[in-house]
Amino acid sequence: MTAVIETELKLRGGPAELDALAVLDRIGPATLGAARTVDELDVYLDTASGALAAARWACRLRARDGRRWISCKGPAEHLPRAVLHRRPEVEGAAPDGEVTVPAEWPPSPARELVLRLAGDAPLVERITLRQRRTERTVAVSESRIGTLSLDRVAVELGGTGIGGFAMVELELDPGVEPAGVGRVLTALGERPGLEPDPLSKLEHALALARGAAGANR
């Protein structure tokens, strides 16, 4: 199994901050491309016993623009005072229909990983995120460095909405060294109303789920 390393800056903000970034021309020395908004459905999967979470991996079925695929993301590296999240990621095609039996997925690094961690145990839905995502390319001196994502996230548990949040992400393209784009990262991180976020979307969603469970007791 060969994993790529995903490197991104995560920031929490509100609707006003996302709206401003959707029409901004520049961030520091970087220029922003045209905004494109898409809807994504992310269903997080695990065994009933939580085998993947116990290994600190998250398995996600994503649907977008008529396509479905599996992404598995490993333990995040977020060192004190660091602004970037780094984590391993493997992907693969999702089968048509149900995805509860990994052995029936098309061969891929994602299938290999899930079978290694979960064995033949079936997968169940853990939590679902519905995202309205506005994406813009980010370039410095006409060379693309990554994608800026402005995400409005609604969280569902068992088909019931339990809350939501907004997040800004700048994911660097493979091969782009953070040291070379430090001015862009700094300029984005210093925008009013945005704060560095040490948590993933899944972690935020699970916190909402715990809150909902506590409120129903």
Side-chain angles (χ1 to χ4, degrees), residues 1-13 18 40-47 49-62 64 69-92 102 108-114 116-118 123 125-131 133 135 138 145-155 157 163-182 184-186 188-191 194-211:
M1 180 192 72
T2 301
V4 300
I5 301 298
E6 176 189 70
T7 302
E8 60 186 1
L9 174 65
K10 289 180 177 289
L11 302 162
R12 285 294 297 274
L18 271 64
E40 293 182 342
L41 176 66
D42 291 340
V43 180
Y44 285 86
L45 305 165
D46 204 340
T47 66
S49 64
L52 302 180
R56 301 178 63 202
W57 280 83
C59 178
R60 179 190 71 199
L61 169 66
R62 170 164 286 181
R64 168 175 168 160
W69 70 97
I70 302 288
S71 294
C72 297
K73 300 190 179 187
E77 173 191 308
H78 185 72
L79 302 177
R81 296 180 297 280
V83 296
L84 291 174
H85 294 245
R86 291 171 53 85
R87 55 186 174 176
E89 179 179 25
V90 295
E91 293 188 333
S108 73
R111 176 181 182 271
E112 178 185 342
L113 173 75
V114 173
R116 177 166 61 82
L117 296 179
L123 302 182
E125 180 179 336
R126 190 178 184 191
I127 203 161
T128 294
L129 278 61
R130 295 185 182 274
Q131 297 192 93
R133 165 170 280 190
E135 296 178 334
V138 183
I145 65 165
T147 301
L148 180 69
S149 297
L150 315 172
D151 301 331
R152 292 168 168 84
V153 185
V155 182
L157 183 63
F165 53 90
M167 184 174 286
V168 175
E169 297 179 344
L170 173 55
E171 182 175 348
L172 299 183
D173 286 348
V176 173
E177 292 297 329
V181 294
V184 180
L185 300 175
T186 298
L188 181 57
E190 290 180 347
R191 285 192 58 81
L194 298 181
E195 296 181 358
D197 196 338
L199 302 180
S200 68
K201 289 175 183 171
L202 176 58
E203 289 170 322
H204 282 297
L206 293 176
L208 287 172
R210 290 191 293 269

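Owing to the predicted nature of the structure, the values given are computational and were not obtained by experimental measurement.
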Trainee: Look up atom OG1 in Thr47 and atom CG in Leu45, then write down how far apart they are to the nearest 0.5 Å.
Mentor: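 Thr47 OG1 to Leu45 CG: 10.5 Å, rounded to 0.5 Å.
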
Trainee: Looking at residues at least two apart in the chain, or sitting in another chain, which of them share a side-chain contact (heavy atoms from CB on, under 4.5 Å) with Ser200?
Mentor: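 Ser200: side-chain contact (heavy atoms from CB on, under 4.5 Å) contacts with Arg87, Leu202, Glu203.
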
Trainee: Output yes when Arg86 and Glu6 qualify as a salt bridge under the 4.0 Å nitrogen-oxygen rule, no when they do not.
Mentor: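 Here Arg86 does not pair with Glu6 in a salt bridge, since their nearest N and O are not under 4.0 Å apart.
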
Trainee: Set out, in order, the CA-CA distance, both residues' side-chain angles and the distance that settles side chain to side chain donor-acceptor pair (under 3.5 Å) for Ser71 and Glu91, then state yes or no.
Mentor: CA-CA 4 Å; Ser71 294; Glu91 293 188 333; 3.0 Å; yes

Trainee: Would you call Thr147 and Leu170 a side-chain contact if the rule is heavy atoms closer than 4.5 Å?
Mentor: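 Thr147 vs Leu170: side chains apart.
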
Trainee: Do you know which two heavy atoms are closest between Cys59 and Val114, and how far apart they sit?
Mentor: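 Of all heavy-atom pairs spanning Cys59 and Val114, the closest is SG-CG2, 4.1 Å.
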
Trainee: Verify side chain to side chain contact (heavy atoms under 4.5 Å, CB included) between Leu172 and Glu177, making sure each step is shown before the conclusion.
Mentor: CA-CA 8 Å; Leu172 299 183; Glu177 292 297 329; over 6 Å; no

Trainee: Does the pair Glu169/Lys201 count as a salt bridge with the N-to-O cut at 4.0 Å?
Mentor: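 Yes.
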
Trainee: Give a yes or no on whether the backbone of Ala51 and the side-chain of Asp46 come within a donor-acceptor separation of less than 3.5 Å.
Mentor: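 Checked: pair present.
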
Trainee: Got more than 12 heavy atoms from elsewhere within 6.0 Å of CZ, Arg64?
Mentor: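 Counting other residues, nucleotides and ligands, CZ of Arg64 exceeds 12 neighbours.
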
Trainee: If I compare all heavy atoms of Pro88 with all of Ile5, which pair ends up nearest, and what's the gap?
Mentor: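 The answer is CA-CD1, 3.9 Å.
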
Trainee: For Pro75 and Trp57, which heavy atoms make the closest approach, and how far apart are they?
Mentor: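 In this case the closest contact between Pro75 and Trp57 is CD-NE1, 4.0 Å.
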
Trainee: Could you pull out the closest heavy-atom pair between Leu84 and Pro178, with the gap in Å?
Mentor: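 Taking every non-hydrogen atom into account, CD1-CB, 3.3 Å.
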
Trainee: Where do Ala209 and Ile127 come nearest, in terms of heavy atoms and distance?
Mentor: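 For Ala209 and Ile127, the tightest heavy-atom pair comes out as CB-CD1, 3.9 Å.
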
Trainee: Is it true that a side-chain atom of Asp197 and a backbone atom of Leu199 form a donor plus acceptor pair closer than 3.5 Å?
Mentor: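 The answer is yes, because a donor-acceptor pair under 3.5 Å joins these two groups.
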
Trainee: How far apart are the closest heavy atoms of Gly92 and Ala110, and which atoms are they?
Mentor: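 Answer, listing the atom of Gly92 first, then Ala110: N-CB, 3.8 Å.
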
Trainee: So, Arg130 side chain and Glu40 main chain: donor-acceptor pair closer than 3.5 Å or not?
Mentor: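 Checked: no pair found.
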
Trainee: Could you please spell out the steps behind the side chain to side chain contact (heavy atoms under 4.5 Å, CB included) verdict for Gln131 and Arg152?
Mentor: CA-CA 6 Å; Gln131 297 192 93; Arg152 292 168 168 84; over 6 Å; no

Trainee: Calculate, to the nearest 0.5 Å, the distance between atoms NE2 and CG belonging to His204 and Leu129 respectively.
Mentor: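 These two atoms lie 10.5 Å from each other.
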
Trainee: Passes side chain to side chain contact (heavy atoms under 4.5 Å, CB included), Val168 versus Asp151? Steps please.
Mentor: CA-CA 6 Å; Val168 175; Asp151 301 331; over 6 Å; no

Trainee: Evaluate Tyr44 against Glu125 for side chain to side chain contact (heavy atoms under 4.5 Å, CB included), listing each step before the verdict.
Mentor: CA-CA 6 Å; Tyr44 285 86; Glu125 180 179 336; over 6 Å; no

